[in-house]
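Written below as structure tokens is the structure these notes are about.
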Amino acid sequence: MAIGILPIALLSGCAVGPNYKRPQTSVANSFANAPTNVVSPDEAALATWWKGFNDSRLDGLVDRAIAHNHDLRIATANLKEARALRRLTTFDLAPTVQG
């Protein structure tokens with residue numbers, strides 16, 4: 001009996017009455033129809049966000065990566081190579097069986 005009443009009670013909370021009125025929401029003019037492809041002044045800061053760490057080693061790594069990764073395909077291949085090399089080094093941590 002209770003199993004049949006429970007779904008009905010839960011679904012009755014989802015019903016919208018005949019006098020439902022959609023709430024009015026206002027949006028500021030700065031957001032309404034704002035272009036999304038405009039370069040903001042903060043994008044220049046986002047291009048060098050890692051410099052906030054004040055780490056010369058990180059700066060060198062990023063500079064080296066930018067200099068050596070001329071293409072997205074090359075960068076993807078470099079990432080796959082690094083992951084494969086890392087995977088190979090973890091094999092040395094497992095015990096080996098020799099007969």
remark   = Rounding to 0.5 Å, atoms CD (Glu81) and CZ (Arg86) come to a distance of 15.0 Å
inquiry  = With rounding to the nearest 0.5 angstrom, report the CZ to OG1 distance, Arg87 to Thr89.
reply    = 10.0 Å
query = Out of curiosity, Leu61 CG to Trp50 CH2, how far, rounded to the nearest 0.5 Å?
reply = 11.5 Å
ask   = Going only through I, L, V, M, F, W and Y residues with side-chain contacts under 4.5 Å, is there a path from Val62 to Trp49?
value = yes
key: From CG (Leu79) to CD1 (Ile74), nearest 0.5 Å   = 14.0 Å
